[in-house]
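Here the structure is laid out as structure tokens; the discussion comes afterwards.
Proteins come first, then strands; the chains are lettered A, B, ... in the order of their sequence lines, and each starts at number 1.
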Amino acid sequence: MTKKELPKAYDFKSTEPRIYEMWETGGFFQPHNDPNKPDFDPKVEPFIIAIPPPNVTGELHIGHAMFVSVEDLMVRYHRMKGYSTLWIPGSDHAGIATQLMVEQNLLKTEEVTREELGREEFLKRTWEWKKKYGSIITTQIRRLGASCDWSRERFTLDPGLSRAVREAFVHLYEKGLIYRGPRLINWSPGLKTAVSDLEVEYEEEEVRLYYFKYMIKDSGENIPVATIRPETILGDTAVAVHPDDGRYKKFIGRTAVVPILNREIPVIADEYVSMEFGTGALKITPGHDPNDYAIAHKHGLPIISMLDAEAKVNENGGRYKGQDRFEARKNLWADMKSAGLVIKEEPYTTTIPRSQRGGEIVEPMISEQWFVTIEPLAKAAIEAVRDGRIKIVPERFEKVYFNWMENIKDWCISRQLWWGHRIPVWYCPDGHMTVTREDPTECTTCHSKDIHQDEDVLDTWFSSGLWPFSTLGWPDETPDLKYFYPTSYMETGYDILFFWVARMIMSGLEYTGKVPFHTVYLHGLVRDEDGQKISKTKGNVIDPLTLMDEFGTDALRFNILVGSTPGNDTNIGPKKVEANRNFVNKLWNIGRFVISAIDTLTPPSAPLSQIGRGAGGEGNYTLADSWIWAKLQQLVRDVERNFQNFQYGQAGQQLYEFVWSDFADWYVEIAKEQLKNDATRTATVKTLARALDMSLRMLHPFIPFVTEEIWGHLRNALRESSISSLSNDWSHALIVAKWPEPRPLKDWEPETIADFELIQEIVRAIRNLRAEKNVAPSKKIAASIAAGDKTEVLKEQSTVIASLAGLNEAELSIAALLKDKPKDSAALVVGSVEIYLPLAGMVDLAGEKSRLEKELKEAESHIERLEKLLASDFASKAPAALVQKERDKLAGYKDTAEKIKAQLK
RNA sequence: GGUCUUGUAGUUCAGUUGGUUAGAACGCGCCGUUCACAUCGGCGAGGUCACAGGUUCGAGUCCUGUCAAGACCACCA
């Protein structure tokens with residue numbers, strides 16, 4: 001193999017597709033322990049996530065990037081940990097969304113409506129549409145690096161999943177938990193279908209409140225009533241007042257007259273009516289208002305529907321028949337005005353129900369629909385979270401979950417659409433219902449062959465609710481279902497906790513008897529760079545594809561994953577992604593450096609002594625080698641802890657800081673010196689390689705492409721080198737490499753870190769002074785250091801100190817004590833170490849005294865603070881180790897202060 | 001009306017069970033490019049952790065209240 005020069009900048013454009021192809025064709029996305037294969041081992045622990053299925057005709061948006069990034073991170077982590085890992089992908093038929101899209105397209109291209117086309121032909125066209133555009137979203141999800149097992153891809157309208165839907169429906173029906181009947185539901189006039197309570201959004205809007213007179217029959221008296229929907233007067237069946245209301249008591253039991261229609265309706269008393277609000281009297285329209293509906297039931301009032309499917313007034317509306325609801329509102333009000341029934345109208349702010357999909361105002365209407373009796377299902381679902389079988393992360397959403405579940409209402413599952421699972425109920429002319437798992441040929445009650453299927457389809461969420469098990473083969477006891485169910489994590493946005501998560505829990509428990517997953521992880525929503533909610537009208541839409549084109553997938557993923565916490569919203573924007581692109585490039589260049597060090601490694605000319613600790617156990621390791629190794633062990637422990645606590649952002653942050661601040665800024669710089677030296681070269685290369693290797697492993701779930709690419713180069717370089725024995729885990733791709741396991745803290749680690757930190761402080765202090773005094777970075781200067789008991793450590797590190805601080809090593813003297821205080825020098829005190837830089841002739845030393853005085857003042861303020869602290873109850877009540885730490889600090893500051901004072905003399 | 005979240009540097013955010021000099025990124029100022037990386041390096045400025053109480057030896061962190069921003073649920077016509 002020839003050594004290729006790696007480019008200076010990481011080329012994600014050519015790398016990403018190549019790496020993904022390698023993973024996918026290499027079979028790395030499939031569980032290594034496949035229950036369908038003969039060598040299956042049931043003892044290996046599975047880890048599985050079912051993807052939140054995107055809409056089949058949708059296009060990638062930032063929300064997809066969010067969940068794909070988080071789930072891919074979880075999946076890659078567990079895969080590297082050795083779990084038999086499966087991320088099962090798929091898409092959702094998305095009834096309303098898809099049907100609307102196809103309808104609109106038909107109208108535009110062929111100028112036909114779906115009604116003109118007919119149900120069968122329309123469905124044929126929709127399937128064609130799905131075939132044509134359904135792969136766009138999955139291609140785009142691949143671009144994000146998703147390591148899903150595409151061989152197990154599912155679609156909610158697949159035969160298998162449709163069978164699951166059928167089974168679920170029949171199961172509920174047979175159990176008596178599904179019923180059909182006329183009920184007051186939310187009707188979307190534009191879509192001409194019922195929608196569930198969840199699909200209605202309430203928004204505060206400025207409307208008008210209309211006051212008018214309800215005339216009492218055979219008298220000149222009236223009851224004033226207010227409404228925001230005057231057209232519903234046409235459907236009134238009562239006027240209600242509070243039983244104790246002195247103003248209206250006398251009218252209770254009398255008859256009121258509906259304006260214009262002159263229908264006679266009773267005046268009733270009900271405590272629901274608030275005396276304080278409005279006029280204190282309420283018109284009752286049971287056919288078009290949920291509260292009125294309840295009152296009508298209580299009082300046995302008739303229920304009148306006065307709107308048709310398109311929200312036009314029907315035959316019950318007299319002369320307004322055929323008019324649109326808003327037109328009728330205007331006309332009826334005008335007529336009432338002429339009739340002298342109008343009192344006034346005024347502006348009013350209230351919440352208006354609008355369709356989540358179409359945005360139009362939803363009308364409560366009486367309609368024949370299918371419902372699921374939800375209470376028993378909800379009870380079991382509440383229990384599962386309460387007793388800990390399901391854990392929700394972050395925990396606070398459990399409260400939200402309980403609150404919703406405890407107040408849940410029956411679920412309207414029928415939709416007047418064509419694209420979806422048709423309700424598996426057949427009717428015969430006598431009205432018998434046949435509900436079976438297989439399509440029937442006759443009525444099961446009267447054996448009539450003249451049967452027809454219900455026209456409606458099921459709510460899309462009915463099938464999505466089965467997703468964790470329907471994708472695994474349920475209702476069949478497939479090997480996948482047996483091994484992988486219940487699934488592990490359910491990862492999704494908190495915005496669909498009710499829509500989807502709650503329903504999966506109810507369905508899972510009801511149909512499989514098991515929880516569908518043991519952990520729910522809820523991520524936040526994506527906001528723009530300034531924390532603003534993303535919306536098309538604001539024009540701040542963030543296109544993940546553009547960001548990936550410009551900065552690469554890894555950069556986008558890192559932005560999404562780092563700096564966010566579970567359940568909290570995350571900000572994303574070009575600036576941030578750019579910063580992460582820089583990190584990816586930094587990592588790439590560390591990789592280039594390490595690889596070139598390996599490639600140019602020559603064996604030492606003489607045998608080496610064995611000192612120090614580091615990447616390969618005992619060896620010829622320097623302080624820096626041991627230090628970076630100790631830091632790396634600490635990092636492994638921190639990252640592991642954060643992963644266990646779902647603190648992925650924190651883990652990513654720590655990795656970022658380690659790579660850039662510790663590894664690149666310090667260790668790599670020192671390694672440059674150590675590589676020049678025969679005695680330290682081999683251990684340095686080993687350390688470089690191992691530190692890079694472990695960083696790549698831990699970063700892989702965050703930024704899979706660049707880590708895989710560097711790792712491949714690193715592996716190749718090591719294979720050809722004399723240190724190929726460094727790790728036994730180099731045979732496969734990084735995606736299946738072993739996750740670094742944390743080791744307990746070793747005794748030598750804290751001291752090593754402390755010693756190295758002293759070196760860092762000395763270097764920083766010198767750099768600082770140089771910058772302050774404007775000493776040119778290229779200018780090598782001399783230095784004398786009085787190091788006290790740190791003399792030995794510092795002497796060992798003299799080359800390092802000299803190279804990092806820009807000193808001339810030949811003119812660097814380190815001793816426990818300096819016989820003579822160098823003249824005309826700038827003095828620095830770092831802890832107990834004194835540093836003299838003879839800058840006379842180069843810079844003006846006049847400011848030295850005041851600089852030292854400033855530092856003395858600072859040290860003294862610390863001394864004062866710590867003495868106070870140690871004199872307080874802290875000394876007696878705080879843990880001893882902590883007190884000792886503060887005592888040590890105090891001693892350090894005192895030492896520093898003494899030394900500065902000596903300088904000032 | 002109920003529940004919840006957030007309030008930390010100019011901006012956007014981290015800050016794990018309370019531990020005593022509060023961090024990052026971007027931005028800003030100064031200096032620097034043969035030596036892995038200008039998609040870079042060095043140095044620096046910038047915060048009374050919204051406010052007021054309380055618990056504690058000790059509070060950005062826990063409790064109570066206030067203010068501000070936001071979310072969700074439920075809603076009186």
> Under 3.5 Å, is there a donor-acceptor pair linking the side chains of A:N677 and A:E673?
Replying inline: no
>> Please compare A:Q647 and A:W666 by the position of their nearest nucleotide in RNA chain B and report the one closer to 5'.
In response: A:Q647
>> Applying side chain to side chain contact (heavy atoms under 4.5 Å, CB included), can you list everything that pairs with A:E864, at least two apart in sequence or on another chain?
In response: none
>> Strictly by salt bridge (charged side-chain N to carboxylate O under 4.0 Å, His left out), give each pair with a member in residues 579-591 of chain A just once, sequence neighbours left out.
In response: A:E578-A:R581
> Will you find, in the side chains of A:E809 and A:T799, an N or O donor that is under 3.5 Å from an N or O acceptor?
Replying inline: yes
> When Watson-Crick pairs (N1 to N3 and N6-O4 or O6-N4) and G-U wobble pairs (N1-O2 and O6-N3) count only below 3.5 Å on both distances, what is the dot-bracket string of RNA chain B, with | for other-strand pairs?
Replying inline: (((((((..((((.....[...)))).(((((.......))))).....(((((..]....))))))))))))....
>> Can you check the distance between B:U3 and B:G65, where both ends of the measurement are the P atom (answer in whole Å)?
In response: 11 Å
> For residues A:E199 and A:N186, is any side-chain donor paired with an opposing acceptor at under 3.5 Å?
Replying inline: no
> Looking at residues at least two apart in the chain, or sitting in another chain, which of them share a side-chain hydrogen bond (donor to acceptor under 3.5 Å, both in side chains) with A:D528?
Replying inline: A:N540
> Between atom CZ in A:F277 and atom P in B:A77, what is the gap in whole Å?
Replying inline: 5 Å
> Expressed in angstrom and rounded to an integer, what is the separation of A:Y494 atom OH from B:C73 atom P?
Replying inline: 11 Å
Under 3.5 Å, which protein N or O atoms sit close to an N or O of nucleotides 26-36 of chain B? Give each pair with its distance.
| from | atom 1 | to | atom 2 | distance (Å) |
| --- | --- | --- | --- | --- |
| B:A36 | OP1 | A:K672 | NZ | 3.0 |
| B:A36 | O2' | A:N589 | OD1 | 3.0 |
| B:A36 | O2' | A:R592 | NH1 | 2.7 |
| B:A36 | N7 | A:K672 | NZ | 3.3 |
| B:A36 | N6 | A:E669 | OE2 | 3.3 |
| B:A36 | N3 | A:N589 | O | 3.1 |

>> My understanding is that only residues two or more places apart in sequence, or in another chain, count here; which of them pass salt bridge (Lys or Arg N to Asp or Glu O under 4.0 Å) with A:E346?
In response: A:K344
> What residues, two or more places apart in sequence or in another chain, satisfy side chain to side chain contact (heavy atoms under 4.5 Å, CB included) together with A:D569?
Replying inline: A:Y494, A:L525, A:R527
> Which whole number of Å gives the distance between the C1' atom of B:U11 and that of B:U20?
Replying inline: 29 Å
> So, are A:E860 and A:R865 salt-bridged, with charged N and O less than 4.0 Å apart?
Replying inline: no
>> Whole angstroms only, please: what is the CD-C1' distance between A:Q654 and B:G15?
In response: 11 Å
> Sequence neighbours excluded, which residues qualify as side chain to side chain contact (heavy atoms under 4.5 Å, CB included) partners of A:N768?
Replying inline: A:E772
>> Just to verify, what does A:E16 make a salt bridge (Lys or Arg N to Asp or Glu O under 4.0 Å) with, not counting sequence neighbours?
In response: none
> Any idea which of B:A77, B:G70, B:U5 is nearest the A:R527 side chain?
Replying inline: B:G70
> Would you say B:C73 has OP1 or OP2 under 4.0 Å from some side-chain N or O of A:Y401?
Replying inline: no
>> Using the P atom as the point on both nucleotides, what is the distance between B:G2 and B:A45, in whole Å?
In response: 48 Å
>> Using whole Å, what does the distance between atom P of nucleotide B:C37 and atom CG of A:L587 come to?
In response: 15 Å
>> What's the gap between B:U6 and B:U64 when it is taken at their P atoms, as a whole Å value?
In response: 14 Å
> Which residue, A:T232, A:D292, A:T237, A:D289, forms the side chain to side chain donor-acceptor pair (under 3.5 Å) with A:K283?
Replying inline: A:T232
> What residues form a side chain to side chain contact (heavy atoms under 4.5 Å, CB included) with A:T896, not counting sequence neighbours?
Replying inline: A:V829, A:I900
>> Can you tell me if A:N571 touches the phosphate of B:C13, counting only side-chain N or O atoms and a distance under 4.0 Å to OP1 or OP2?
In response: yes
Expected rows: protein N/O vs nucleotides 53-64 of chain B N/O, under 3.5 Å:
| from | atom 1 | to | atom 2 | distance (Å) |
| --- | --- | --- | --- | --- |
| B:C57 | OP1 | A:K877 | NZ | 2.7 |

>> Rounding to an integer number of angstrom, what distance separates B:G18 and B:G58 when you compare their C1' atoms?
In response: 8 Å
> When rounded to the nearest Å, what value does the distance between P atoms of B:G53 and B:G60 take?
Replying inline: 14 Å
> What distance, rounded to whole Å, do you find between the two C1' atoms, one in B:C30 and one in B:C63?
Replying inline: 47 Å
> Where do A:E363 and A:R229 land on the salt bridge (charged side-chain N to carboxylate O under 4.0 Å, His left out) test, with the steps shown first?
Replying inline: CA-CA 11 Å; A:E363 285 296 330; A:R229 295 185 296 161; 3.1 Å; yes
Using the 3.5 Å cut-off, write out each protein N or O paired with an N or O of nucleotides 1-3 of chain B and the distance between them.
| from | atom 1 | to | atom 2 | distance (Å) |
| --- | --- | --- | --- | --- |
| B:U3 | O3' | A:K399 | NZ | 3.1 |

> Rounding to a whole Å, what distance do you find between A:W660:CH2 and B:U39:P?
Replying inline: 11 Å
>> Please confirm whether the ring centroid of A:Y214 lies under 6.0 Å from the ring centroid of A:F212.
In response: yes
> Out of B:C75, B:A14, B:C43, which nucleotide sits closest to the side chain of A:R767?
Replying inline: B:C43
> Quick one: is B:A14 close enough that its OP1 or OP2 comes under 4.0 Å of any side-chain N or O from A:T565?
Replying inline: yes
> If you measure from the C1' atom in B:G70 to the same atom in B:U61, how many Å do you get, rounded?
Replying inline: 22 Å
> Roughly, in whole Å, what's the span from NZ in A:K576 to P in B:U12?
Replying inline: 9 Å
>> Using whole Å, what does the distance between atom P of nucleotide B:C43 and atom NZ of A:K779 come to?
In response: 21 Å
> When you measure from the side chain of A:R581, which nucleotide among B:U39, B:A24, B:A71 comes out closest?
Replying inline: B:U39
>> What contact category does A:T285 fall into here, base, sugar-phosphate, or nothing, at under 4.0 angstrom with non-hydrogen atoms?
In response: nothing
> Nearest-Å distance, CG (A:N642) to P (B:U17)?
Replying inline: 11 Å
>> For a quick check of understanding: with a heavy-atom distance under 4.0 Å over all strands, which category does A:I228 fall into, base, sugar-phosphate or nothing?
In response: sugar-phosphate
> From B:C13, B:C4, B:C43, pick the nucleotide closest to the side chain of A:N768?
Replying inline: B:C43
>> Run A:K576 and A:E529 through salt bridge (charged side-chain N to carboxylate O under 4.0 Å, His left out) and show every step you take.
In response: CA-CA 8 Å; A:K576 293 192 165 205; A:E529 217 145 31; over 6 Å; no
